[in-house]
**Student:** 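Okay, here's the structure, questions in a sec.
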Amino acid sequence: MSGVVGGLIRFVFAFVVYVIIDVGWNISPPARNMYASLHEASGNPMPWSYGKEMATWGGMEIIAVVVFFVLIAFANSRLAIEPAVRDNDLGIAVRNSAVLGAAAYATYIGPLFMTMANWPAALIPIDIAIGALLSLVTSTVVTSLALRRKRSRAA
C-alpha cells in the first residue's frame, strides 16, 4: 500500500512542480519577449493573436489545460519518476523525462507549424527543447526528493 501512496504523492508533486515551472516560464518576460520577437519576425506580430485571450477562457479551456497538466504529470511519474525510484537511479528520470518532454512538445509544435500561417520555424527546436527541459526539471526534482527520502528511511 505504501508503494501506491508513495506513487500518488510523487504524481501530485510532479503535477505541482510542472504547473509552477510551465506557468512561470510562459508568463516570464524573457519568454514573452522571445515569442513576440520570433512571431513579429515571421510576419505574425502577436503570438497570441491566433488564439483566445485568457480572459475569455471558460470551463472547456480550463479543463483542457488541467487535462494536459494531469497527463504530462502522469507520464513523467509513470515513465521517468517511478522507474528511477524503483532502480535508485536518478539518471533514469533525467533521460526518460527529457525524451518524454521533447516528444510531447514535438507532437504539438510540428502540426502547429504545418497548419498555422507565418508560424516561426525557429520555435520548433525551441519549444521541443523547452518541453524536454520542463519534464526533466519536474522529474529530476521529484525523483531527487523521493530518493533522498528513501535513503533516509533505509538508514
**Student:** Is a side-chain N or O of D89 found less than 3.5 angstrom from the main chain of G91, in a donor-acceptor match?
**Tutor:** yes
**Student:** Please determine whether residues I72 and I21 belong to a single hydrophobic cluster, defined as Ile, Leu, Val, Met, Phe, Trp and Tyr linked transitively by side-chain heavy-atom distances below 4.5 Å.
**Tutor:** yes
**Student:** Minimum heavy-atom separation for I109 to I124, with atom names?
**Tutor:** CG1-CA, 3.9 Å
**Student:** Between K150 and R86, which heavy-atom pair has the shortest distance, and what is it?
**Tutor:** NZ-O, 3.9 Å
**Student:** With Y108, which residues qualify under ring pair (Phe, Tyr, Trp, His ring centres under 6.0 Å), at least two apart?
**Tutor:** Y105
**Student:** Are L100 and W25 connected into the same hydrophobic cluster when the rule is that any two of I, L, V, M, F, W, Y join if their side-chain heavy atoms are below 4.5 Å apart?
**Tutor:** no
**Student:** What closest approach, in Å, do L38 and A122 show between heavy atoms, and which atom pair accounts for it?
**Tutor:** CD2-CB, 4.0 Å
**Student:** Between atom CZ of F69 and atom CD1 of I20, what is the distance when rounded to the nearest 0.5 Å?
**Tutor:** 10.5 Å
**Student:** Rounded to the nearest 0.5 Å, what's the gap from CE on M34 to OG on S28? Could you check?
**Tutor:** 8.5 Å
**Student:** To the nearest 0.5 angstrom, please state how far the OG1 atom of T143 sits from the CD atom of E82.
**Tutor:** 8.0 Å
**Student:** Please list all pairs meeting salt bridge (charged side-chain N to carboxylate O under 4.0 Å, His left out) that have one or both residues in residues 92-119, counting only residues at least two apart or in different chains.
**Tutor:** none
**Student:** Report yes or no: do F15 and Y18 belong to one cluster of Ile/Leu/Val/Met/Phe/Trp/Tyr joined by side chain heavy-atom distances under 4.5 Å?
**Tutor:** yes
**Student:** Please step through side chain to side chain contact (heavy atoms under 4.5 Å, CB included) for the pair L123 and Y35, ending with a clear verdict.
**Tutor:** CA-CA 8 Å; L123 277 179; Y35 287 119; 3.3 Å; yes
**Student:** Just how far is it from atom CZ of R149 to atom CZ of R10, taken to the nearest 0.5 Å?
**Tutor:** 8.5 Å
**Student:** Looking only at heavy atoms, what is the nearest atom pair of L79 and P83, with distance?
**Tutor:** O-CG, 3.7 Å
**Student:** Does R151 reach the side chain of N88, with side-chain heavy atoms less than 4.5 Å apart?
**Tutor:** no
**Student:** Is there a path of hydrophobic side-chain contacts, each under 4.5 Å between heavy atoms of I, L, V, M, F, W or Y residues, that connects V85 with V99?
**Tutor:** no
**Student:** Suppose clustering is done on Ile, Leu, Val, Met, Phe, Trp and Tyr with side-chain heavy atoms closer than 4.5 Å. Which residues sit in the same group as M60?
**Tutor:** I63, V67, L71
**Student:** List for me each residue that meets side-chain contact (heavy atoms from CB on, under 4.5 Å) alongside I9, sequence neighbours excluded, and say none if there are none.
**Tutor:** V5, F13
**Student:** Does anything in residues 64-75 form a side chain to side chain donor-acceptor pair (under 3.5 Å)? List the pairs, not counting sequence neighbours.
**Tutor:** none
**Student:** Name each donor-acceptor pair under 3.5 Å that joins a side chain in residues 130-142 to protein atoms two or more places apart or in another chain, with its distance.
**Tutor:**
residue : atom : partner : partner atom : Å
S135    : OG   : N76     : ND2          : 3.2
T138    : OG1  : L134    : O            : 2.9
S139    : OG   : N76     : OD1          : 2.7
S139    : OG   : S135    : O            : 3.4
T140    : OG1  : L136    : O            : 2.7

**Student:** Quick check: closest heavy atoms across A14 and S77, and the distance to 0.1 Å?
**Tutor:** CB-OG, 3.8 Å
**Student:** Is there a path from V19 to F11 through hydrophobic residues (I, L, V, M, F, W, Y) whose side chains come within less than 4.5 Å of each other?
**Tutor:** yes
